[in-house]
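Because the structure is a prediction, the values reported are computed rather than measured.
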Amino acid sequence: MNKNNIGYACINMELASQSPKIYTGRSMIKKTFTSKGIKYASKLGLENTKDLFKILQWNKKTGFKFFRITSNLFPWCSEYDLEEMPDYNEISSLLSQMGQFVDKNNIRVTFHPGPFNVLTSKNEKVVENCINDLSIHAKIFDLMNLKPSTYNKINIHIGGVYGDKASALKRFCVNFKKLPNSVQKRLTVENDDKSSMYSVEDLYFGVYKIINIPIVFDYHHHKFCNGGMTEKSALELAVSTWGDVTPVVHYSESRNLEKNDNKIKPQAHSDYVYQFIDTYGYKVDIMIEAKAKEKAVNKYKSIYNL
DNA sequence: ATAGGTCAAGCGAGG
DNA sequence: CCTCGCTTGACCTAT
């Protein structure tokens, strides 16, 4: 049996509960950004960056080799260039040190930008915003000196269907070519959690076969949008798209089952995960998407003696 | 110090 | 037409 790395996303519950908290989620609402501007954004960004380093160090100490970095490191960064931040020198220096740190300690870090990144959009402005946001993510990895590869992936969903999946997939592939190389070399796509949207098979033929970028297999989403494939065959198809890079898969479970509350949407994530994750013998890196974050991973490992 | 209302962006499902 | 869910609950103001 292969040993798979298991990771968590963005927030460390233990460190976030400490006083003073170690936390990368400092942000602000529009009104505050309008009044306080980039100077305050930079201040929050610097604090977030410092705390990211502490989380990575905690990961090393506790043996976590796989971690998703929050997309909220720099509040409102779509509205300015990172270089414009008053604290840019200190921030870029920290990012560079973190890059060395994860490289030396074999910690895989990834990004998962928000659902507002819609490369399929017919609205030019939406596509522009998407290119900008993805480019900032790539810029952060560049500042960490992480070489452009899907090992440090930037993962997104396809976006809208607009009643015509085939033409939407085509637009995705056309707009992909507008992305800078720093993004193209890192971009991956993930299967959706609605039956009308993109299954692994849709991504394989509509994206991978055209522009050759890997597919992140999400177990939970597959349950709502399987495209007629079994879990095993969908996983295998996704794994086959990764080349020499260890594939990433996402795993989560339904909150409504955990809480025994059918008012909660079945797509919503549970605090912890309970079922054994079958990787069908493949060596993959498993990103656990559970609200209890690293605590969910630890509980899972203890249940199955991993 | 805490509670409650509010909060950038896109999309689709469900009430 | 509004709310939820997703990358991720946090921010802000009034009490």
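At the heavy-atom level, A:Gly159 lies nowhere under 4.0 Å from the strands shown. When heavy atoms are screened at a 4.0 angstrom cut-off, A:Glu128 is found touching no nucleic acid atom at all. Residue contacts shown for A:Lys293 are limited to sugar-phosphate atoms, with no base heavy atom under 4.0 Å away. Here A:Lys30 lies in heavy-atom contact (under 4.0 Å) with sugar-phosphate atoms only. Within the 4.0 angstrom heavy-atom criterion, no nucleotide atom of any strand lies near A:His220. If you check every strand for non-hydrogen atoms under 4.0 Å, A:Asn72 touches a base. Here A:Ser27 lies in heavy-atom contact (under 4.0 Å) with sugar-phosphate atoms only. Nucleic acid contact for A:Ser121: sugar-phosphate only, since backbone atoms but no base atoms lie under 4.0 Å from a heavy atom of the residue.
Looking at A:Glu294, its side chain does come within 3.5 Å of a backbone N or O of A:Glu14 through a donor-acceptor pair.
The phosphate of C:dC6 (OP1 or OP2) has no side-chain N or O of A:His157 nearer than 4.0 angstrom. Between A:Arg68 and C:dT8, a side-chain N or O to OP1/OP2 separation shorter than 4.0 Å is present. Note on A:Lys291: a side-chain N or O is less than 4.0 Å away from OP1 or OP2 of C:dG9.
At whole-Å resolution of the value, CD in A:Glu289 and P in C:dC6 are 9 Å apart. The distance between atom OH of A:Tyr162 and atom C1' of B:dG10, rounded to the nearest whole Å, is 7 Å. In this structure, the CD atom of A:Glu79 is 8 Å from the C1' atom of B:dA8, given to the nearest Å.
Spacing between B:dA8 and C:dC12 at atom P, rounded to whole Å, works out to 10 Å. C:dT7 and C:dT3 are spaced 22 Å apart, taking the P atom of each and rounding to whole Å. Atom name P, nucleotides B:dG4 and C:dC6: the rounded distance is 24 Å, in whole Å. Distance noted for atom C1' between C:dT8 and C:dT13: 23 Å (whole Å).
Cluster annotation: A:Ile154 is connected to A:Leu119 through the hydrophobic network of ILVMFWY side chains, with a link wherever side-chain heavy atoms come within less than 4.5 Å. A:Met287 and A:Val284 are not part of a single hydrophobic cluster, where members link through side-chain heavy atoms under 4.5 Å apart.
Nearest nucleotide to the side chain of A:Val118, out of C:dC11, C:dT7, B:dG10: B:dG10. In the set C:dC11, C:dT8, B:dG10, the nucleotide with an atom closest to the side chain of A:Arg26 is C:dC11.
Salt-bridge check for A:Lys178 with A:Glu124: failed, with every basic side-chain N at 4.0 Å or more from each acidic carboxylate O.
Nearer to the 5' terminus of DNA chain C, by closest-nucleotide assignment, is the contact made by A:Ser71 (compared with the other of A:Ser71 and A:Thr32).
For the atom pair CG (A:Asp193) and NZ (A:Lys265), the distance works out to 9.5 Å, reported to the nearest 0.5 Å.
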